[in-house]
Number of protein chains: 2
Amino acid sequence: MATPLPLLPTAVECCAPLTEAPLTPEQADALARRLKALADPVRLRLVSILLASPDQEACTCDLVGPLGLTQPTVSHHLKKLAEAGIVTGERRGVWTHYRVSTEAISALLAMLSPLR
Amino acid sequence: MATPLPLLPTAVECCAPLTEAPLTPEQADALARRLKALADPVRLRLVSILLASPDQEACTCDLVGPLGLTQPTVSHHLKKLAEAGIVTGERRGVWTHYRVSTEAISALLAMLSPLR
DNA sequence: TGGATACATCGACATCCGTCGATACGAGTA
DNA sequence: TACTCGTATCGACGGATGTCGATGTATCCA
């Protein structure tokens, strides 16, 4: 299920001065942590599959087949994404339905856009 | 100096249908490769230091001190960024001046924004 | 209560990655 | 040519990561 993390708490503070003053090591660590969660082909496909699914959500069992990986491996990647706040899992009976947190993606893009 | 890579050639084709159809493994690999280059605290600081520098560029020698790492390690990270097309290096006499490729950053953001 | 199903966790393995010291390369200079 | 300085590369090391099979956990149903 994985423990959710705070949602980019330093997003606002860091964005404006990003092109003026360098990132602090702490800011860089926080941003890198989020990016690392997305910077994996399997997890990118996971996110895109979730977004392309009906109601933009899916259970683990629906993700194993399209990815061509074992169920433990898919669970591992979902946990990584959940820890980064990129997806959220909700238990409904036997199934865990995962959904992309668009807020987290937006916050990530907001931190990245000043680099452009 | 590092060999520059093609600049996200599949950016346009993949963006539109990203929320409708899942990424192919090849698209996911290409995107993940770029993201991995950025998903490192040292490299994020490198990019931000370059952007905050006069004329938005700096030589390797100017980057070693602020990062607190050895010169070979800084060169290693600059090579990674250059391979991903995120920075470009230009040799001027003894110095190599590095600069952030805003086009690469924009292309990356363009591929990511449909996830929002 | 027992069994079946969906999911998470564990342990192990191979590979990748960040870091360093040592060294090689290359341009400028005397 | 020889020397110096800035940079890139090499080799090695420790730690992180992706993957799997095996196992544990929780829910539903008969």
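Just the heavy atoms: all of them, side chains too, but no hydrogens, waters or symmetry mates, feed the values below. It should be emphasised that the depicted structure is a prediction, and the values quoted were computed from it without experimental measurement. Chain A is the first sequence line, chain B the second, and so forth, proteins listed ahead of strands; every chain is numbered from 1.
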**Study point:** Intra- and interstrand pairs of DNA chain D - dot-bracket, Watson-Crick/G-U under 3.5 Å, | marks other strand
**Key:** ||||||||||||||||||||||||||||||
Check your understanding: B:Ser53 side chain to B:Ala58 main-chain N or O, any donor-acceptor pair under 3.5 Å?
Key -> no
Exercise for review: Scan residues 58-66 of chain B against DNA chain C and write down, sorted by residue number, each residue with any heavy atom closer than 4.0 Å; if none is found, say none.
Suggested key: none
Revision key, fill the gap. The residue among B:Val47, B:Ile49, B:Leu50 that forms side chain to side chain contact (heavy atoms under 4.5 Å, CB included) with B:Tyr98 is B:Leu50
**Study point:** A:Ala32: side chain to side chain contact (heavy atoms under 4.5 Å, CB included) partners, not counting sequence neighbours
**Key:** B:Pro41, B:Leu44
Review point. Between atom CG in A:Leu67 and atom P in D:dG18, what is the gap in whole Å?
Key: 14 Å
Revision key, fill the gap. A:Glu83 CD to D:dG18 P, in whole Å, measures 11 Å
Exercise for review: With sequence neighbours left out, write down each residue that passes side chain to side chain contact (heavy atoms under 4.5 Å, CB included) with A:Thr24, or none if nothing qualifies.
Suggested key: A:Glu26, A:Gln27
Exercise for review: Output all residues satisfying side-chain hydrogen bond (donor to acceptor under 3.5 Å, both in side chains) with B:Thr60, sequence neighbours left out; order by chain, then residue number.
Suggested key: none
Study note, to complete from the structure: Taken to the nearest 0.5 Å, the spacing of B:Glu83 CD from B:Arg34 CZ works out to 11.0 Å
Review point. Can you check the A:Trp95 CH2 to C:dT5 P distance for me, whole Å?
Key: 12 Å
Check your understanding: Quick one: side chain to side chain contact (heavy atoms under 4.5 Å, CB included) partners of A:His77, sequence neighbours excluded?
Key -> A:Asp40, A:Val42, A:Arg43, A:Leu46, A:Thr73
Exercise for review: With sequence neighbours left out, write down each residue that passes side chain to side chain contact (heavy atoms under 4.5 Å, CB included) with A:Ala39, or none if nothing qualifies.
Suggested key: B:Leu35, B:Lys36, B:Ala39
Practice item. Do nucleotides 10-28 of chain C as a string where each nucleotide becomes B, S or -: B if the base has a protein heavy atom under 4.0 Å, S if just the sugar-phosphate does, - if no protein is that close. Key: --------SBBBB----SS
**Study point:** Pairwise salt bridge (charged side-chain N to carboxylate O under 4.0 Å, His left out) hits with a residue in residues 45-64 of chain B, at least two apart
**Key:** B:Glu57-B:Arg92, B:Glu57-B:Arg99
**Study point:** Phosphate-side-chain proximity, B:Tyr98 and D:dG6, N/O vs OP1/OP2 below 4.0 Å
**Key:** no
Review point. For B:Thr88, what residues pass the side-chain hydrogen bond (donor to acceptor under 3.5 Å, both in side chains) criterion, not counting sequence neighbours?
Key: none
